[in-house]
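Atoms within a ligand are numbered from 1 in the order they appear, just like the ligands themselves. This structure is a prediction, so every number in the text was calculated from the model and none was measured. What's counted below: heavy atoms across the whole structure, side chains too, no hydrogens, waters or symmetry copies.
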Amino acid sequence: MRFLITAGPTREPIDPVRYLSNRSSGKMGYAIAEAAIEAGHEVVLISGPVGLGRPRGVAMISVSTSDEMFEAVRQHTSRCDVLVMSAAVADYKPAKVFKNKIKKGDATLSLELKPTRDILTSLPKNRRFLVVGFAAETENVEANARKKLHEKHCDVVVANDVGRTDSGIESDENQVEILFLSGEIKKISRAPKKIIARELVKVFANVREKRLTKKMV
Ligand code: CTP
């Protein structure tokens with residue numbers, strides 16, 4: 001199967017030397033890319049700026065801003081069977097990018113932000129690839145993730161609690177809940193991201209396989 005995976009944060013420039021970003025390390029997305037290769041799949045990895053090396057066997061596309069990630073996903077979905085949106089795409093970007101470095105002053109400084117384009121909701125509803133969204137939550141994990149599953153027209157959502165200090169964001173470990181459109185939920189308890197990734201790849205490939213078989217019957 002052909003996996004298209006996004007990973008890491010995006011950077012939204014404020015001026016030539018500053019940007020808005022988030023704490024995503026890219027570890028979960030990279031682990032999924034590695035696990036998919038290990039399982040014999042083809043992988044295109046669209047990555048925001050992270051401090052990780054390119055996983056072996058992966059075709060890599062490096063991006064920085066949410067707009068670049070948006071375009072890269074658009075360009076590659078036609079050739080994928082499973083899209084895994086594990087990137088922590090910025091929700092807002094500065095309404096204006098300053099041409100020169102903003103100089104320090106004594107007064108307070110306000111930045112106006114505008115929403116970025118949502119990659120998941122902009123995907124065509126009528127598509128042949130499986131869409132996996134991620135839900136990074138700090139409260140009401142299950143309910144919020146279910147909302148994203150439906151509102152973002154995903155086939156599967158992987159939810160993780162990013163408020164915890166022992167797993168999730170920046171950590172080498174994670175614990176996730178996988179939500180399906182059927183209402184079913186599969187929990188994967190705390191484990192290294194590598195182990196979680198192997199399980200996720202199996203689940204995604206199975207759902208995709210089942211869907212294909214159902215369509216053929
Ligand atoms: N996502 C996206 N485009 C964006 C922002 C997010 O496609 N501009 C995707 C992420 O890659 C992830 C999913 O949407 O798969 C959910 O991201 P998350 O940050 O958990 O939720 P948001 O939609 O940003 O909502 P909120 O921050 O309010 O929880």
Side-chain angles (χ1 to χ4, degrees), residues 3-13 19-33 36 43-50 61-77 80 82-95 113-125 127 129-164 167-171 174-181 185 193 196-197 200-201 203-204 207-208:
F3 276 65
L4 178 61
I5 302 169
T6 67
T10 63
R11 284 181 183 171
E12 310 304 323
Y19 56 79
L20 284 177
S21 193
N22 59 64
R23 285 173 47 208
S24 168
S25 63
K27 285 177 186 166
M28 195 66 244
Y30 274 59
I32 296 171
V43 177
V44 174
L45 176 62
I46 302 174
S47 177
V50 296
I61 298 164
S62 297
V63 298
S64 181
T65 65
S66 57
D67 281 326
E68 286 169 10
M69 191 165 278
F70 185 99
E71 296 305 334
V73 171
R74 270 267 166 106
Q75 275 175 30
H76 289 85
T77 43
C80 82
V82 181
L83 167 65
V84 182
M85 281 295 301
S86 52
V89 187
D91 290 335
Y92 293 93
K93 62 179 182 181
L113 304 179
K114 64 176 183 187
T116 58
R117 291 181 288 177
D118 196 281
I119 301 173
L120 280 175
T121 45
S122 74
L123 293 170
K125 311 275 173 306
R127 60 201 179 211
F129 53 94
L130 186 85
V131 175
V132 180
F134 271 66
E137 308 294 344
T138 53
E139 56 184 349
N140 306 325
V141 178
E142 218 170 283
N144 284 334
R146 185 152 301 285
K147 208 164 154 223
K148 281 178 191 163
L149 176 71
H150 294 291
E151 285 179 358
K152 297 199 178 215
H153 315 290
C154 297
D155 299 297
V156 177
V157 159
V158 179
N160 66 342
D161 188 340
V162 289
R164 299 175 65 106
S167 65
I169 219 154
E170 285 178 330
S171 167
N174 209 355
Q175 54 187 11
V176 301
E177 292 182 28
I178 314 171
L179 289 85
F180 303 89
L181 280 176
I185 294 184
K193 284 183 175 171
I196 304 256
L200 289 177
V201 166
V203 170
F204 303 159
V207 179
R208 160 79 185 158

Subset of ligand 1 atoms that lie under 4.0 Å from at least one heavy atom of Thr116: 8 (N)
Ala90: numbered ligand 1 atoms lying under 4.0 Å from its heavy atoms: 8 (N)
Gly133 neighbourhood, listing ligand 1 atoms whose heavy-atom distance to it stays under 4.0 Å: 15 (O)
Heavy-atom pair with the smallest gap, counting every atom of Met69 and Thr6: SD-CB, 4.2 Å
N or O contact, Phe134 vs ligand 1, cut-off under 3.5 Å: yes
Nearest non-hydrogen protein atom, atom 8 (N) of ligand 1: Arg117 O, 3.0 Å
Tyr30 side chain to Ser47 side chain, donor-acceptor N/O pair below 3.5 angstrom: yes
The single option from Val73, Ile46, Thr10 passing side chain to side chain contact (heavy atoms under 4.5 Å, CB included) against Val63: Ile46
Identity and separation of the nearest protein heavy atom to atom 27 (O) of ligand 1: Asp91 OD2, 2.9 Å
Where ligand 1 meets Leu120 - atom numbers and elements under 4.0 angstrom, heavy-atom basis: 2 (C), 7 (O), 9 (C), 13 (C), 14 (O), 15 (O)
Ligand 1 N/O within reach of Ala88 N/O, cut-off under 3.5 Å: no
Polar side-chain atom of Asp118 near backbone of Leu120 as donor-acceptor pair, under 3.5 Å: yes
Minimal non-hydrogen separation, Leu149 against Val157, with atom names: CA-CG2, 3.5 Å
Distance-only N or O hit between ligand 1 and Ile119, under 3.5 Å: yes
Closest heavy-atom pair and its distance - Asn22, Pro9: OD1-CB, 3.3 Å
Residue Ala136 vicinity, atoms of ligand 1 by number, heavy atom under 4.0 Å: 20 (O)
Protein heavy atom at shortest distance from atom 6 (C) of ligand 1: Lys152 NZ, 3.7 Å
Side chain proximity check, Thr77 to Arg127, heavy atoms < 4.5 angstrom: no
Note: Glu68-Arg11 ion pair, threshold 4.0 Å (strictly below): no
Heavy atom of protein inside 4.0 Å of atom 25 (O) of ligand 1, strictly below: yes
Atoms in ligand 1 with a heavy atom of Ala135 nearer than 4.0 Å: 20 (O)
Name of the residue among Ile185, Val132, Leu200, Val207 meeting side chain to side chain contact (heavy atoms under 4.5 Å, CB included) with Ile178: Leu200
Tyr19 OH: over 12 foreign heavy atoms closer than 6.0 Å: no
Identity and separation of the nearest protein heavy atom to atom 20 (O) of ligand 1: Lys148 NZ, 2.7 Å
Which of the ligand 1 atoms, numbered from 1, are nearer than 4.0 Å to a heavy atom of Ala87: 10 (C), 11 (O)
